[in-house]
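Okay, structure first, notes after.
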Amino acid sequence: MRLDHARFADVVVLSPVGRVDHATAEELEQGLAPHLARCATGQDHLVLDFAGVDYISSAGLRVLMLAAKRAKAQGGFLAVAAVQPTVQEILEISKFTLLLRVMPTVRDAVAAVSPAALAALERG
Amino acid sequence: MSGLRVRFWGTRGSIPVTTSAAALRRKLIAALSRASGRQLDTPERIEAFVDGELDFAVRHTFGGNSSCVQLDHGGDEYVLCDLGSGARVFGNHVLATRNGVPGTFHVFMSHMHWDHIMGFPFFMPAYIPGNTITIYGCHAGLEEALRRQHGAPSFPVEFAQLGATVRFVRLEPDRSYELAGFRVRPKSQHHSGESYGYRFERDGRVVVYSTDSEHKLDDAAGARAFAEFFREADLVIFDAQYSLADAVTIKEDWGHSSNVVGVELCQVARARHLCMFHHEPTYDDDRIAAVLAETRRFEEITRGDHAVQVSAAWDGMEIDL
């Protein structure tokens, strides 16, 4: 699956596109891995821009849960942002809203963690 | 009766529960609030109001007996899955309807955790000479587990004092058997001490009983095997005790599954009906009803070209196939 990325100061915004299902969850996991390694205290923060994701299965939710768990253990910040309504419902029904930091927009997520990144984002 | 009728005598997970006084009071308040201003002056109008206008969780209860499900194909012999506390109610029903005529019972055991065997000491047909009870399972220690809960210090009646003829038959997983009027195939499941699901087939109808079964999200081969086990089943009775979030975090390795995984497996298997079972004992009727509504919505928004009917089992529910 496609996983675009952009850096704004100390925040990396990753943008998966398409369905995160049993066939693509592993690709997402592999794509996240190098960024997660740097998602730690004093290093990068991660924002997953989910605007391009129209479906996520339990296997995909597992990848997000593991990513959030690892980021937390490393003292990093990880948020999922700009979730489509259907995916938002899946997160709520599965109760993953209790496990993940879900923000309305990428800007909200960036603003929550890094003023420098927010400034860089708004400069374009 | 033609076809196959599935009766749920016990549907609760882990331990039997009852509706609390506070919950009953909330139901009464909700019902009377809805009735306010209505002309409910005859028993018929009241019944029509209760049955037609009140939500299930207000007018009814999902019940609290632990696992016991009957598969009724219309024959004279009884077929059960598990001997939870629901078996006590089933046994009393048999006594009330059989007029003393000896009966034959076939019981397929998922495993021997207490909530799945605790009904047997209170299963009245076991005390009556002339009845024959055959208990099938894949565990080596099945007979010992059932004998152990009879007699001191756990129970005042020794197993040897049971009047019925009770025999045990060991099955092997992944083998098909012709038993009790069904083609039956057991399957090993992930649960503490292992559990076994059963796929029952008869006259083109398929029921899968799969409770106390955890599904690991990183086990793609395991998911494929279960999708095959559920393949085109008319009914899948599925352990949906937890939310997905709980099942993969604080309750990981507790041996149970979720509504979300149940829907996904049934979608892949193209099963027709998912019946959520082994309800979390801390959930009241409102909570189970909410989980049911959410699960139906999840099935709807994730549906491809195959729709899966979704229900939540309750003590006393019958499903005709």
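First the proteins, then the strands, lettered A, B, ... as listed; each starts at 1.
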Before we go on, tell me: are the rings of B/F277 and B/Y209 under 6.0 Å apart, centre to centre? yes
Are A/M103 and A/V47 close enough that some pair of their side-chain heavy atoms sits under 4.5 Å apart? no
Looking at B/R272 and B/E232, would you say the former's side chain and the latter's main chain have a donor-acceptor pair under 3.5 Å? yes
side-chain contact (heavy atoms from CB on, under 4.5 Å) between B/H139 and B/H111: does it pass, once the steps are laid out? CA-CA 7 Å; B/H139 292 85; B/H111 64 313; 3.5 Å; yes
Under 4.5 Å between any side-chain heavy atoms of B/F229 and B/R185, yes or no? yes
Where does A/L61 contact chain B at under 4.5 Å (heavy atoms): side chain, backbone, both or neither? side chain
Determine which donor-acceptor pairs between chain B and chain A fall under 3.5 Å and list them with their distances.
from: B/A245; atom 1: N; to: A/S94; atom 2: O; distance (Å): 3.0
from: B/E264; atom 1: OE1; to: A/S58; atom 2: OG; distance (Å): 2.4
from: B/E264; atom 1: OE2; to: A/S58; atom 2: N; distance (Å): 2.8
from: B/E294; atom 1: OE1; to: A/K95; atom 2: NZ; distance (Å): 3.2
from: B/E294; atom 1: OE2; to: A/K95; atom 2: NZ; distance (Å): 3.0
from: B/R297; atom 1: NE; to: A/E89; atom 2: OE1; distance (Å): 2.7
from: B/R297; atom 1: NE; to: A/E89; atom 2: OE2; distance (Å): 3.2
from: B/R297; atom 1: NH2; to: A/E89; atom 2: OE2; distance (Å): 2.6

Select one option (side chain, backbone, both, neither) describing which atoms of A/L99 are under 4.5 Å from chain B's heavy atoms. side chain
Any side-chain heavy-atom pair of A/L36 and A/L46 under 4.5 Å: yes
By side chain to side chain donor-acceptor pair (under 3.5 Å) - contacts of B/D305 (at least two apart): B/R270
Check each atom of B/V248 against the heavy atoms of chain A and say whether the ones under 4.5 Å are side chain, backbone, both or neither. both
